[in-house]
Amino acid sequence: QVQLVESGGGLVQAGGSLRLPCAASGRTFSYYDMGWFRQAPGKEREFVTSIEWRGSSTYYADSVKGRFTISRDNAKNKVYLQMNSLKTEDTAVYYCAAKTTRSVWTISGASWGQGTQVTVSS
């Protein structure tokens with residue numbers, strides 16, 4: 001289907017910023033909706049943000065609105081997550097994800113990257 005590799009994670013102080021790139025491979029990348037999810041220790045994986053395949057529509061969890069921005073560059077087969085004003089509660093493993101358009105987000109139905117750790121310290 002599509003293979004995804006995230007990077008850019010690390011340790012940052014509260015109030016700081018990180019930019020996470022996700023590189024995709026596969027001949028059908030342009031027709032996939034892309035998203036970012038995160039999972040903190042002992043918690044369920046949760047939705048963070050997504051972007052429609054054309055890049056025209058974006059969606060954000062209430063917890064990150066105004067702080068995070070998702071974007072994509074289909075020519076480069078990449079999607080990005082810009083995270084600003086980071087909070088300690090943003091600490092989690094962040095996963096890049098892809099699904100065919102018109103389908104719903106499910107763990108088994110989407111393609112997932114390996115995850116990248118983001119740790120926000122106070």
Side-chain angles (χ1 to χ4, degrees):
Q1 304 296 329
V2 59
Q3 292 75 49
L4 307 171
V5 179
E6 314 96 327
S7 60
L11 176 65
V12 64
Q13 191 173 0
S17 299
L18 283 175
R19 181 176 173 86
L20 307 183
C22 174
S25 62
R27 57 187 174 89
T28 61
F29 172 78
S30 295
Y31 301 108
Y32 283 79
D33 297 338
M34 303 297 298
W36 289 92
F37 293 71
R38 66 187 182 187
Q39 187 167 21
K43 303 294 184 180
E44 296 181 355
R45 188 171 300 185
E46 66 175 354
F47 170 81
V48 177
T49 180
S50 66
I51 185 167
E52 184 262 347
W53 72 277
R54 297 178 186 269
S56 58
S57 299
T58 57
Y59 306 89
Y60 296 92
D62 288 342
S63 59
V64 305
K65 285 181 179 178
R67 300 189 298 119
F68 290 11
T69 303
I70 188 172
S71 61
R72 68 188 297 165
D73 186 340
N74 288 351
K76 296 182 178 180
N77 286 357
K78 290 184 178 179
V79 62
Y80 305 90
L81 179 63
Q82 178 67 47
M83 304 185 293
N84 298 326
S85 301
L86 283 162
K87 305 175 180 180
T88 55
E89 52 261 46
D90 295 319
T91 295
V93 176
Y94 283 71
Y95 296 91
C96 181
K99 70 172 184 68
T100 56
T101 193
R102 299 298 184 93
S103 67
V104 298
W105 289 105
T106 64
I107 297 295
S108 60
S111 297
W112 301 90
Q114 82 287 352
T116 186
Q117 177 71 49
V118 172
T119 303
V120 184
S121 66
S122 60

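Taking every heavy atom of both residues into account, A98 and Y32 meet most closely at CB-CD2, 3.9 Å. Counting all heavy atoms, side chain and backbone alike, I70 lies closest to Y60 at N-OH, 2.9 Å. Taking both residues in full, the closest heavy atoms of E6 and Y94 are given as OE2-O, 3.8 Å, listed atom of the first, atom of the second, then distance. The heavy-atom pair separating L4 from Q114 by the smallest distance is O-OE1, 3.8 Å.
Under the salt bridge (charged side-chain N to carboxylate O under 4.0 Å, His left out) criterion, the residue pairs touching residues 66-86 are R67-D90, with sequence neighbours excluded. Sorted pairs that involve residues 110-121 and meet salt bridge (charged side-chain N to carboxylate O under 4.0 Å, His left out), not counting sequence neighbours, are lacking altogether. A salt bridge (charged side-chain N to carboxylate O under 4.0 Å, His left out) check over residues 44-59, counting only residues at least two apart or in different chains, returns the pairs R38-E46. Screening residues 79-122 for disulfide bond (SG atoms under 2.5 Å apart), with sequence neighbours left out, gives C22-C96. Here ring pair (Phe, Tyr, Trp, His ring centres under 6.0 Å) pairs that include residues 74-93, with residues two or more places apart or in two chains, number zero. Within the structure, every pair that satisfies the salt bridge (charged side-chain N to carboxylate O under 4.0 Å, His left out) test and touches residues 98-116, not counting sequence neighbours, is listed here: D33-K99.
Inter-residue side-chain proximity for F68 and L81 is flagged as met; some heavy-atom pair is nearer than 4.5 Å.
Scored by the side-chain hydrogen bond (donor to acceptor under 3.5 Å, both in side chains) test, S7 finds no partners at all (sequence neighbours excluded). Evaluation of the side-chain hydrogen bond (donor to acceptor under 3.5 Å, both in side chains) rule for K43 yields no partner, not counting sequence neighbours. The side-chain hydrogen bond (donor to acceptor under 3.5 Å, both in side chains) check on T88 picks up nothing, with sequence neighbours excluded. With sequence neighbours excluded, no residue forms a side-chain hydrogen bond (donor to acceptor under 3.5 Å, both in side chains) with S85.
In this structure, the side chain of S111 does not engage the main chain of Q3 through any donor-acceptor pair within 3.5 Å. Not one N or O on the side chain of T100 forms a donor-acceptor pair closer than 3.5 Å with the backbone of S103.
Summarising the hydrophobic clusters (Ile, Leu, Val, Met, Phe, Trp, Tyr; side-chain heavy atoms under 4.5 Å, direct or chained), the residues clustered with W112 are F37, F47, Y59, V93, Y95, W105, I107.
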Pairs of donor and acceptor atoms involving the side chains of residues 8-20, under 3.5 Å and at least two apart or interchain, shall be tabulated with distances.
unit_1 : atom_1 : unit_2 : atom_2 : d
S17    : OG     : N84    : OD1    : 2.9

